[in-house]
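Following: one structure in C-alpha cells, then a few remarks.
In what follows, every chain begins at residue 1, and chains take the letters A, B, ... in the order their sequences are listed.
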Amino acid sequence: MSKADHGGRGCPFGPSRRSVLLGLGAGGIGAMAAQAGTAAAPQVNDAPDASAEAAARRVPYLGRHQAGIVTPRPEAGLVAAFDVVAFSPDEVERMLKTLTERIAFLTQGGEVPGRDPRLPPADSGMLGPVVSPDSLTVTVGLGRSFFDGRDWLSGLAPVHLARMAEFPNDALDPAMCHGDLSIQFCAGLPDTNIHALRDIVKSLSEFLVLRWTMEGSVPPVVPAPSGETQSARNFLGFRDGSANPDSNDAAAMDRLVWTHAAGEPGWAQGGSYQAVRLIRNFVERWDRSALAEQEAIFGRRKVSGAPLDGGEAATERDVPDYAADPDGLATPLDSHIRRANPRSKGSEANLILRRPFNYSRGVSANGQLDQGLLFICYQADLEAGFITVQTRLNGEPLEEYLKPFGGGYFFVLPGIRDAGDHLGATLLDAVRHA
Amino acid sequence: MTGNFLKTTVLAAGLAGWGLSALAASPSLELVAPLADYKIYVAENTAQLVADTTGLVDAIKAGDVEGAKALFAATRTSYEKIEPIAELFADLDVSIDARADDYEKGEADPAFTGFHRIEYGLWVEGSTDGIQDYADGLLADVTDLDSRIAALTFPPDAVVGGAAALMEEVAATKISGEEDRYSRTDLWDFDANFAGAKEIYELLKPLLAEGDSAFTAKVDGNFGTVEEVLAKYRTEDGGFASYEELSGSDRALLSAKVNTLAEDLSTLEAKLGLG
C-alpha cells in the first residue's frame with residue numbers, strides 16, 4: 001500500500017520520497033538506501049508524510065465576517081459547545097478578547113513560547129514547537145441561553161435565536177444539546193482541530209466549561225479531469241451539498257448567509273445563524289435497502305449525484321425541473337431534495353449554506369455502528385432557513401434511516417475586523433451605549 | 001509523583017531568564033515549617049478518620065442502617081481532605097476508596113470493598129447484612145493508614161503538588177457526581193477536597209514572593225467562589241444537600257473554578273523551586 005492511499009493526509013499526487021521507496025519493494029529499498037547513504041528505509045514509526053504546502057496554508061481570521069463559513073471546507077471538522085461562566089460585561093469582554101488572541105495565534109500559526117521547564121508547558125506540544133496553520137478556522141457563536149442568562153443583554157439577542165426545539169423525528173440527548181457558546185474548528189487534519197480545542201480549553205478554563213463535542217471529516221475527492229469540482233459524499237454514500245448556493249457569490253452570501261435584516265439588532269449585522277445537528281444514520285439498514293429505493297428517497301443518483309429527471313450524462317450540477325414533473329414521477333414529491341428545496345416561487349428565500357462533516361464514533365448498545373452526520377448550516381435568518389427547511393422535511397421517507405440526537409442553534413458573531421478588534425466588540429459596545 | 005524528592009540545592013541557577021518571581025533561595029529550608037504544619041493537619045485528620053470510622057462500623061455491626069447512613073458522608077471527609085498523602089499508599093487507597101467502575105464486574109466484584117461498597121450496601125441493598133466484613137476491613141485499613149502516615153516522611157513534591165492533584169481529581173472524576181453515586185453525598189467530598197487543597201495552598205502562600213500577588217489574588221478569588229457556591233447547599237445540621245440539588249449553572253461554575261484552580265496550582269512546585 002502506498003502513502004497515497006492514506007486518504008488525504010498529505011498530498012496524494014506528488015510522489016513522496018517514501019511512496020517511491022515503498023513501490024520499489026524491500027530489496028530495492030535496501031539497495032537504494034545503501035546507495036543514497038542518507039535516505040533510510042521508512043520505518044513503521046515514521047510519521048506519515050505531511051504536505052508542507054497544506055500545513056502552511058493560512059485562512060485569514062480578520063474580516064467583516066468570521067472565517068469558517070464561506071471559506072472552503074477542509075477535511076476535518078469539530079464542533080464544541082460550552083457553558084459560559086462569565087457573567088458581567090467585563091468578564092465577557094475578557095473572555096472574548098482572550099478567545100480572539102488564541103484564534104489569532106492558532107489560525108496564523110507560529111512558534112510556541114518557551115517556559116521554565118519546571119512549569120507546565122504553554123502548549124500541549126502535540127503539533128511540535130511550531131504550530132502550523134493547516135487551514136484552521138475557529139468560528140464562535142452564542143446560544144440563546146447566553147443571552148437569557150445575563151440581564152444586561154436583554155433586548156440584544158438576535159431575533160430568531162431560540163433554543164433548538166425537538167422536531168418529530170428527533171430523540172434529543174440532553175448531554176449532546178445546546179450550549180451558551182459554540183466553537184466550530186475546521187482544518188486539514190483532525191489533530192490541528194484537537195490542538196486548537198485543547199489550547200482554548202486550557203487558556204479559557206476560567207470561563208468555558210465543555211458541554212459536548214463532535215468530530216467529523218469529509219472524504220477528499222480527486223478532482224475530475226475536466227477540473228469540475230464535486231461534492232463530498234456522506235456516510236449514506238450520496239453526494240452532500242450539491243444544491244448549496246455559491247459561496248463565492250458575495251451578493252448571494254449577503255442575502256442568504258450574513259444577517260442583515262432591519263429587525264435584527266445593529267451589533268448582529270454581518271453575523272450568521274448557525275444550526276448544528278447531530279444526526280445518526282442507521283447505516284446497516286441503509287446498506288440493506290435497494291439502490292432504487294435509496295435514490296428515490298434522496299431524489300438523486302447515487303453514483304453521479306445527478307437529479308433523477310436527468311439523462312445518462314447528467315451531473316450533480318444539473319437542476320431538476322419540478323415544473324415538468326408535478327406528480328413526482330421522476331423525482332418523488334417526498335424525496336429529500338424536493339422537500340428540502342422545492343424550487344418553487346419564494347423558496348429561494350429558504351436556501352441555507354450547508355457545511356457538514358461525517359462522524360463515526362464507535363458502536364451503539366445494539367452492536368450497530370454509530371455513524372452519521374455532523375450537520376452544520378448557516379443562514380441570515382434561522383426561521384426562514386434551517387427551521388423552515390427542516391419543517392418541510394418532517395415525515396420524509398429518509399427519516400426511517402436517521403435519528404437526530406443533538407446539536408443546537410447559535411448566532412455566529414460578526415467578524416474580527418482588524419488586529420485591534422475582538423470578537424463581540426459590537427455587542428459589548430451596544431451594552432455600554434444602551 | 002513520589003519518586004521526586006526535595007532537592008536541597010538551589011535550582012534557580014540558569015533559570016533567571018524565565019520570569020519566575022518566587023524562586024526561593026533555598027526551598028528546602030523554607031518548606032520545613034509548612035511541611036511540619038501539614039503533617040500535623042494530616043495526622044489530625046487520620047486520627048479523626050479512625051474515630052469516625054469506628055462509629056460507622058459500630059452502627060453497621062448493630063444493624064442500624066439509618067444510623068450508618070447518617071455517619072457515612074461525614075466519616076469520609078477526613079479521608080478526602082488528605083487524599084494527596086493517603087494516595088501514596090496505593091494498596092490502601094484501592095481497598096478504602098475504589099469505586100465499582102474500577103472493576104470490570106462492578107458491584108459484584110469481590111475485590112470491590114471500602115467506603116463505596118458500604119455505601120452500596122446501605123443505600124442500594126438497604127441492609128447491613130452483606131457489609132459486615134467490609135466494615136471490619138475498612139476499619140483495619142484506616143487504622144493501618146494512620147500508622148503508616150505517622151511513620152512517613154512527607155515528600156515535599158507530593159505535598160506541594162497535592163493541592164493541584166486534589167483539584168485534578170475533582171475536575172476529572174468527581175464533578176459529574178460519580179463518586180458517591182448511591183448516597184448522593186458528593187458535595188461533602190467536594191467540600192473536603194477543596195478544604196484539603198486550600199490547606200496546602202494557605203500553608204505555602206507566605207513563601208510566594210510578593211510579586212505574585214496577582215496569582216494569589218486569583219487563587220484566593222477562585223477558592224472564595226467555590227466556598228460561596230457550596231455554602232448555598234449547606235444544610236442546617238452542617239452537612240450538604242444531595243448532589244441532585246446542585247443546579248446546572250452552579251455545577252458549571254464549580255467546574256470552571258476547579259479547572260482554573262488546577263491550572264494555577266499546577267505552577268506551585270515551580271514557583272517554590274521544586275521540580
Side-chain angles (χ1 to χ4, degrees), chain A residues 80-88 90-92 94-95 98-99 102 112-125 142-151 163 173-182 197-213 408, chain B residues 4 7 10-24 27 157 160-161 164-165 167-168 170-172 175-177 212 215 218-219 221-222 225-226 228-229 247-275:
Chain A
F82 299 86
D83 290 325
V84 173
V85 183
F87 299 105
S88 67
D90 286 351
E91 281 181 324
V92 167
R94 198 149 62 84
M95 171 186 83
T98 309
L99 202 46
R102 297 323 300 158
V112 172
R115 260 196 193 174
D116 181 327
R118 291 168 305 168
L119 282 171
D123 184 270
S124 64
L142 297 176
R144 180 75 214 191
S145 55
F146 181 85
F147 293 90
D148 290 346
R150 289 157 185 81
D151 293 344
R163 189 174 191 269
D173 170 0
M176 297 299 289
C177 290
H178 317 305
D180 292 336
L181 184 143
S182 73
L197 173 63
R198 280 178 56 178
D199 183 290
I200 284 172
V201 163
K202 183 177 175 69
S203 307
L204 286 126
S205 67
E206 215 178 332
F207 299 125
L208 296 181
V209 179
L210 267 173
R211 278 179 78 86
W212 53 269
T213 66
Chain B
N4 202 356
K7 297 173 181 65
V10 177
L11 294 164
L15 294 168
W18 292 99
L20 275 184
S21 51
L23 283 177
D157 58 348
V160 177
M167 297 298 89
E168 295 291 3
V170 178
I175 199 78
S176 70
D212 260 346
F215 173 82
K218 187 177 171 204
V219 174
N222 284 328
T225 304
V226 164
E228 282 168 29
V229 172
S247 71
S249 57
D250 281 336
R251 193 178 76 161
L253 187 55
L254 284 178
S255 182
K257 296 302 166 189
V258 76
N259 273 290
T260 305
L261 282 166
E263 197 71 53
D264 288 333
L265 295 174
S266 72
T267 66
L268 266 187
E269 285 175 89
K271 284 181 185 296
L272 295 172
L274 293 168

| note | Exactly one candidate in Thr260(B), Asn259(B), Asp264(B) meets side-chain hydrogen bond (donor to acceptor under 3.5 Å, both in side chains) with Ser205(A); the answer is Thr260(B)

| Basic-acidic side-chain contact under 4.0 Å: Arg118(A), Glu269(B) | no

| Which heavy atom of Ala252(B) sits nearest a heavy atom of Val85(A), and at what distance? | O-CG2, 3.6 Å

| remark: Under 4.5 Å to a heavy atom of chain B? For Phe82(A) that would be neither

